[in-house]
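Values below: all heavy atoms of this structure, side chains included; hydrogens, waters and symmetry mates excluded. Numbering of residues begins at 1 and proceeds along the displayed sequence.
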Amino acid sequence: MSKKSELEKKIRESEAELDMLEQKRLRSMSSFIEALVSRDTPSEEDVEYFKTFSGLIELERENLRRLNEELERLTNK
């Protein structure tokens with residue numbers, strides 16, 4: 001497999017992972033919204049899920065940026 005097609009595959013996988021993580025974070029965010037509407041405090045578990053998914057999303061976005069930059073360098077050669 002060529003380096004370019006390998007990078008393209010990794011980019012697709014990274015985008016899919018990012019979508020999945022964002023969906024999971026949205027589910028945890030709904031707990032926050034429910035707590036706000038109910039004028040309640042979100043549970044510590046919900047807060048930790050949100051922080052964890054937010055951190056994972058940032059890491060995956062950085063990975064995706066790196067992969068796209070590497071593909072761009074290969075394409076411009």
Side-chain angles (χ1 to χ4, degrees):
M1 186 183 286
S2 75
K3 180 74 172 173
K4 184 178 176 183
S5 49
E6 185 179 320
L7 278 170
E8 289 170 340
K9 180 182 179 205
K10 287 181 180 180
I11 288 170
R12 284 191 304 275
E13 290 170 351
S14 180
E15 288 170 340
E17 178 73 12
L18 192 55
D19 285 344
M20 185 264 309
L21 289 169
E22 287 175 339
Q23 287 176 2
K24 287 183 176 184
R25 184 174 69 172
L26 279 174
R27 283 186 232 139
S28 71
M29 201 181 308
S30 69
S31 297
F32 283 112
I33 293 170
E34 185 179 335
L36 286 173
V37 169
S38 302
R39 299 186 190 272
D40 200 5
T41 304
S43 73
E44 285 299 315
E45 186 177 88
D46 290 335
V47 172
E48 284 306 310
Y49 276 126
F50 183 80
K51 287 180 181 179
T52 299
F53 288 124
S54 293
L56 291 171
I57 286 168
E58 286 306 310
L59 289 173
E60 196 59 45
R61 284 182 181 157
E62 181 57 37
N63 180 50
L64 185 57
R65 277 191 289 274
R66 184 186 53 76
L67 291 169
N68 278 315
E69 288 170 2
E70 192 174 341
L71 180 61
E72 184 71 26
R73 282 193 301 273
L74 275 178
T75 305
N76 288 336
K77 282 188 175 180

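Minimum interatomic distance between Pro42 and Ala35 (heavy atoms only, all atoms of both residues): N-CB, 3.8 Å.
The closest donor-acceptor contact from the side chain of Asn63 to the backbone of Leu59 lies at 3.5 Å or more, if one exists at all.
To the nearest 0.5 Å, the span separating NZ on Lys24 from CG on Asp19 amounts to 13.0 Å. Between atom CD of residue Glu15 and atom CD of residue Glu60 there is a gap of 10.0 Å, rounded to the nearest 0.5 Å. In this structure, CD in Glu58 is found 11.0 Å from CG in Leu21, a value given to the nearest 0.5 Å. Separating the CD1 atom in Ile11 from the CG atom in Leu71 is a distance of 4.5 Å, to the nearest 0.5 Å. Summarising the geometry, atom OG belonging to Ser30 is positioned 13.0 Å from atom CZ belonging to Arg25; distances are rounded to the nearest 0.5 Å. Atom CG of residue Leu74 and atom OG of residue Ser5 lie 10.5 Å apart, to the nearest 0.5 angstrom.
One finds a salt bridge joining Glu6 and Lys10 here, because a Lys/Arg side-chain nitrogen approaches an Asp/Glu carboxylate oxygen to under 4.0 Å. One finds a salt bridge joining Glu70 and Arg66 here, because a Lys/Arg side-chain nitrogen approaches an Asp/Glu carboxylate oxygen to under 4.0 Å.
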Report, one line per pair, each donor and acceptor closer than 3.5 Å where one atom sits in a side chain of residues 43-51; sequence neighbours left out.
| residue | atom | partner | partner atom | Å |
| --- | --- | --- | --- | --- |
| Ser43 | OG | Asp46 | N | 3.1 |
| Ser43 | OG | Asp46 | OD2 | 3.1 |

Could you please spell out the steps behind the salt bridge (charged side-chain N to carboxylate O under 4.0 Å, His left out) verdict for Glu62 and Arg65? CA-CA 5 Å; Glu62 181 57 37; Arg65 277 191 289 274; 3.1 Å; yes
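Residues passing the side chain to side chain donor-acceptor pair (under 3.5 Å) test with Glu72, sequence neighbours excluded: Asn76.
Atom CD of Glu34 is surrounded by 12 or fewer heavy atoms from other residues, nucleotides or ligands within 6.0 Å.
Met29 and Ile57 fall into different hydrophobic clusters, where Ile, Leu, Val, Met, Phe, Trp and Tyr are joined by side-chain heavy atoms under 4.5 Å apart, directly or via other members. Tracing side-chain contacts under 4.5 Å through hydrophobic residues (I, L, V, M, F, W, Y), one never reaches Phe32 starting from Leu56; they form parts of separate clusters.
Counting Ile, Leu, Val, Met, Phe, Trp and Tyr side chains that sit under 4.5 Å apart, directly or through other members, Leu36 stands alone, with no cluster partners.
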